[in-house]
Each structure stands twice: as C-alpha cells, then as structure tokens.
Amino acid sequence: MRPLLWGIACVAISFAIHIILWRWRLPERHTRILLILFLAPPFALAGCSLIVGRHYAAALRLLVAPAECFEVVLFDIAFALAYIITYSAIEADSPSLVLTTAIADAGPAGALESDLVKLASDDVLIRPRIADLLRDQLVISHDAGFAITAKGRRLVRIILLARSLMGAGKGG
Amino acid sequence: MPPAWIIALAPLAGQMANCVLQVIVFRLRRNGLLRSIIIGFGAGGIVTVTVTACGNRLSADSDTDNLARFLVNMLTFGALGYGYFHFINLGETARRIRILREIVEAGGWLDEAGLLRRYNAAEILHVRLARLLRSRQITARNGRYVLGSPTMVTMARMIGLLKRLLLRRERERIVARSEPV
C-alpha cells in the first residue's frame, strides 16, 4: 500500500507547489522547473528511506525496500513526463484547438475559411514558437537569422530517429 | 528475480511492448497511426497486467498490498503510454520541432523570411483543417466548416481552465512582426 500512497502524495505535493509558484511568479524556464518540482519529492523520499535503513524507515512508515522506492520513483517520473508534455498545450495555443473552438463558436451556420485565416497568422502561429526556441536556447539569433544550437540538434535527432523508425513524414 | 522487482519492473516491460508493437503495426499498415497507438497501448497493458499478476502470485504480501501494487502499475503504465502517445504526436504536430527541422535541413541557419517560405501559418491552417476533417472533428458543408464532434472543444475548454488557473490568461501573447522574437 505504501508505494501507492507515497506516489500519490508526491504527485499531489508537486502539483500544489506548482500551482502556488506559477500564480506567485511565472518562472522563466517552465519545463526545467516543472521537472525539478515533480522529480525532487520521490527522489528525496527514496533517498531518505534508503539512508535511514529498513528498521527506522518501517518505524517512520517510509518505504522499506529498494523495489518500493523504484516503484514510487517510476510512478512519479511517468506522471511528471505526462504532465510536462500536456503542459506544452497549456503554455502555447494549439492551432487545432483554436480552429475547432472558432468553428464551434460559429454555431450551426459554420465558419468560412476566410474567418479562420484571420486567427491563423504567422504572428500567432510561428513567431511565438521561434521566441520559445530562442528562450530554451534551441536556436540562437545569428547573422540576422536563426542558427540551431547543439541542444536543438540533439532534440531533432531524437525526433528524427523515432520518425524514421516509424517511416513517417515531416509533420507540423 | 525477487517478486518485488518483477512487480516494480512490470510497467517498464509493458511500455517496451507498447513501443515495439506500435512501431511494427504502423510500419505494416502504413495508414493508421491512431490504430497502431491503440493496439500498442492495449498490448502493453496486457503485458503490465500479466507481469504484475505473476509477481503478485509469487509474493507473500497481503491481498490489499497486491491490489495497491496492481493499481500503481496500471497508473504508471497509463501515464507512460499517454506520454508515448504525445511523444509521437510531438513529431507529427509540434511547430517548434518542425521549425528546428527546417533550420537543420537548410544547413543549420535560416533567416525569418526563408523560414516563413518553408513553413508558415497558411500551411499550418491547411494541414490542420485537413487533419480535423479526416478525423471527423469538423465537417465541410456548403463551403463552411461546422463542428463534427465535441471531443476537441471539450479538450480546448479543459486546457482553457488550466490556462486560467496557472497562467491567468486564456490566449497566449501574440509576437508581432515588428517585435524582436
């Protein structure tokens, strides 16, 4: 029962701190802070449990076995990754969701493509994403343009590997 | 291997089965990304349940503990599967990834005009409308688009709530052409 309770407790603590922190002051690097927020509690718990030893850990109702620590850490990593990947949709407007909402708002009469074009300019769909890439140092401003960094290349390589495994196209 | 470790590793075994089967099914069928994701997720779930059940059978823990561990493993596998689904989707729909790929393909550097020639809002609109029509989220009637299914709108409303809760706004800031990005 302990891994379930500690796993849920760690996620709940992380999420509560996340809401408080975000409402107090929005951090510059969202993803990095979210990773720290969600991974610190389970690793701290596992560390404490392993350091204080089986006897004291049991007395303190902490996790007693390394396998239990692993379960909690894996549970929290899985939730952290799932949340962080969802967070990108919170941070940036998804074009598909914006279009669907506009079409829903138009009611049974429907929306013309010209109405939707107004919502989908480069200022809305492209430039904010370039700003994100600059902020996350995946590209840098260079010679009146954008140059990819080593970090950006690594990310592209991972995505390309996954897409080549599946034999998929360009996407976007 | 001790039963506790068999149980602890079950979600990872399930996720590995999910990835392998999803890729195989997608490569074999070539046209069904969603179907391959569903099949992979189902197979991974079966592997997670089976491995956890084997570990529980071998362990001397109480039924309550075994049930709790089963729940932990299913939640962990569910979260891993959800993350994997979005990772695949990231390569399919993420604009940041597409922009990075365009810069890589151009030799590592692109100016804004060059980037917008290769990838722009008009293309995004065209691709997204086609995708929404294909998935029947919207339908085209007399030259107008109408809602086909409420799924995406419900998602948009939920994300809007989280946006208001966390970021205190409903839409993101627009970066105009005149501003330095």
Side-chain angles (χ1 to χ4, degrees), chain A residues 1 3-4 7 19 22 65 67 70-71 74-75 78-79 81-82 85 89-90 92-93 95-97 99-101 103-104 108 110-112 116-117 120-134 138-139 142 144-148 152-153 155-156 159 162-163 165-167 171-172, chain B residues 4-5 8 11 23 26-27 64-65 68-69 71-72 75-76 79-80 82-83 86 91-93 95-101 103-104 108-111 116 119-121 124-125 127-129 132 137-138 141 144-147 152-153 155-156 159 162-163 165-166 171-177 181:
Chain A
M1 189 63 107
L4 177 65
I19 292 175
W22 257 240
F70 181 83
E71 270 182 82
L74 185 63
F75 179 87
F79 268 86
L81 295 178
I85 217 154
I90 298 169
D93 290 337
S96 301
L97 293 182
L99 290 174
T100 321
T101 307
I103 292 166
L112 286 167
L116 302 175
V117 168
S121 67
D122 290 331
D123 289 345
V124 177
L125 298 181
I126 302 286
R127 289 193 177 88
R129 300 290 70 80
I130 298 174
D132 291 345
L133 293 174
L134 287 166
L138 294 165
V139 298
H142 176 71
F146 309 106
I148 193 156
R153 278 189 198 278
L155 180 61
V156 172
I159 299 288
R163 291 186 73 75
L165 272 174
M166 293 205 311
Chain B
W5 277 104
V23 169
F26 183 75
R27 287 195 79 104
T64 315
D65 280 340
R69 289 184 135 184
L71 203 58
V72 168
L75 288 170
T76 305
L80 289 173
Y82 175 85
H86 280 282
E92 188 69 25
T93 64
R95 286 165 285 162
R96 277 175 277 206
I97 302 295
R98 176 67 191 271
I99 293 168
L100 284 177
R101 289 183 61 180
I103 297 174
V104 168
W109 179 90
L110 256 181
D111 60 6
L116 292 177
Y119 184 55
N120 49 51
I124 294 174
L125 183 73
V127 169
R128 301 286 172 133
L129 284 175
L132 290 168
Q137 293 296 323
I138 59 170
R141 199 187 300 153
R144 285 172 175 268
Y145 294 106
V146 291
L147 195 65
M152 295 282 278
V153 180
M155 271 169 64
I159 286 172
L162 282 170
K163 250 190 223 291
L165 174 70
L166 293 168
R171 296 290 302 271
E172 73 176 307
R173 194 177 72 91
I174 292 169
V175 178
R177 188 184 295 270
V181 289

S.K.: Heavy-atom pairs under 4.5 Å with chain B - which of A:Ile159, A:Ile90, A:Leu4 has more of them than the others?
M.R.: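 Ranked by contacts with chain B, first place is A:Ile90.
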S.K.: Quick one: of A:Leu138, A:Ile19, A:Leu155, A:Thr100, who has the most non-hydrogen atom pairs under 4.5 Å with chain B?
M.R.: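 It is A:Thr100.
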S.K.: Measure B:Ile103 against the heavy atoms of chain A and call it side chain, backbone, both or neither at under 4.5 Å.
M.R.: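 Contact with chain A involves the side chain of B:Ile103 alone.
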S.K.: I need the residue from B:Leu132, B:Leu147, B:Leu110, B:Ile159 with the largest number of non-hydrogen atom pairs under 4.5 Å to chain A.
M.R.: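 With the most close heavy-atom pairs to chain A, the winner is B:Leu110.
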S.K.: Of the non-hydrogen atoms in B:Ala121 and A:Ser121, which two are nearest, and what is the gap between them?
M.R.: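 Reported closest heavy-atom pair: CB-C, 3.4 Å.
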S.K.: I'd like to know if the side chain of B:Asp65 reaches the main chain of A:Met1, judged simply by a donor and an acceptor atom lying under 3.5 Å from each other, with no hydrogens or angles considered.
M.R.: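 Confirmed, B:Asp65 side chain pairs with A:Met1 backbone.
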S.K.: Just how far is it from atom CD1 of B:Ile97 to atom CZ of A:Arg163, taken to the nearest 0.5 Å?
M.R.: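 So the CD1 of B:Ile97 and the CZ of A:Arg163 are separated by 10.0 Å.
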S.K.: Give the C-alpha distance, both sets of side-chain angles, the deciding distance and a yes or no for side-chain contact (heavy atoms from CB on, under 4.5 Å) between A:Leu99 and B:Gln137.
M.R.: CA-CA 11 Å; A:Leu99 290 174; B:Gln137 293 296 323; over 6 Å; no
S.K.: How close do B:Lys163 and A:Ala89 get, heavy atom to heavy atom, and via which atoms?
M.R.: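 Here B:Lys163 and A:Ala89 meet closest at NZ-O, 3.8 Å.
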S.K.: Would you check if the side chain of B:Trp109 reaches a backbone N or O of A:Ile148 as a donor-acceptor pair within less than 3.5 Å?
M.R.: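 A pair under 3.5 Å: no.
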S.K.: Please find the pair of heavy atoms, one from B:Val146 and one from A:Gly110, that lie closest to each other, and give the distance.
M.R.: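 Minimum heavy-atom contact is CG1-CA, 3.5 Å.
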S.K.: Is the backbone of A:Leu165 close enough, under 3.5 Å, to the side chain of B:Arg27 for a donor and an acceptor to pair up by distance?
M.R.: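 Yes; judged by distance alone, with no hydrogens or angles, the pair exists.
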S.K.: Look at A:Ala78, A:Ala67, A:Ser96 and state which one has the largest set of heavy-atom pairs under 4.5 Å with chain B.
M.R.: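 Answer, by heavy-atom pair count under 4.5 Å with chain B: A:Ala67.
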S.K.: Look only at the side chain of A:Asp122 and the backbone of B:Asn120, and say whether a donor-acceptor pair between them is shorter than 3.5 Å.
M.R.: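 Between the backbone of B:Asn120 and the side chain of A:Asp122 there is no qualifying donor-acceptor contact (under 3.5 Å).
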S.K.: Heavy-atom pairs under 4.5 Å with chain B: which of A:Gly152, A:Ala120, A:Ala111 has the most?
M.R.: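 Ranked by heavy-atom pairs under 4.5 Å with chain B, first place is A:Ala111.
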S.K.: Specify the closest pair of heavy atoms between A:Phe79 and B:Leu75, including all atoms of both residues, with the distance to one decimal.
M.R.: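 Answer, listing the atom of A:Phe79 first, then B:Leu75: CE1-O, 4.0 Å.
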S.K.: How many angstroms lie between CG in A:Leu133 and CZ in B:Arg96, if you round to the nearest 0.5 Å?
M.R.: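 Rounded to the nearest 0.5 Å, the CG-CZ separation comes out at 7.0 Å.
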S.K.: Shorter than 4.5 Å, heavy atoms on both sides: which option in B:Leu71, B:Val104, B:Leu125 has the most such pairs with chain A?
M.R.: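 Ranked by heavy-atom pairs under 4.5 Å with chain A, first place is B:Leu125.
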S.K.: Indicate the atoms forming the closest heavy-atom contact of B:Tyr145 with A:Leu116, along with that distance.
M.R.: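 Looking at all heavy atoms of both residues, the closest pair is CD1-CD1, 3.7 Å.
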S.K.: Okay, side chain of B:Arg95, backbone of A:Ile126: is any donor-acceptor separation there less than 3.5 Å?
M.R.: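 Judged by distance alone, no pair lies under 3.5 Å.
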S.K.: Looking at every non-hydrogen atom in both residues, tell me the closest pair between B:Gly83 and A:Ile85 and how far apart they are.
M.R.: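 Closest approach of B:Gly83 to A:Ile85: O-CD1, 3.8 Å.
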S.K.: Relative to chain A, which of B:Ile99, B:Leu80, B:Leu100 shows the most heavy atom pairs under 4.5 Å?
M.R.: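 The answer is B:Leu100.
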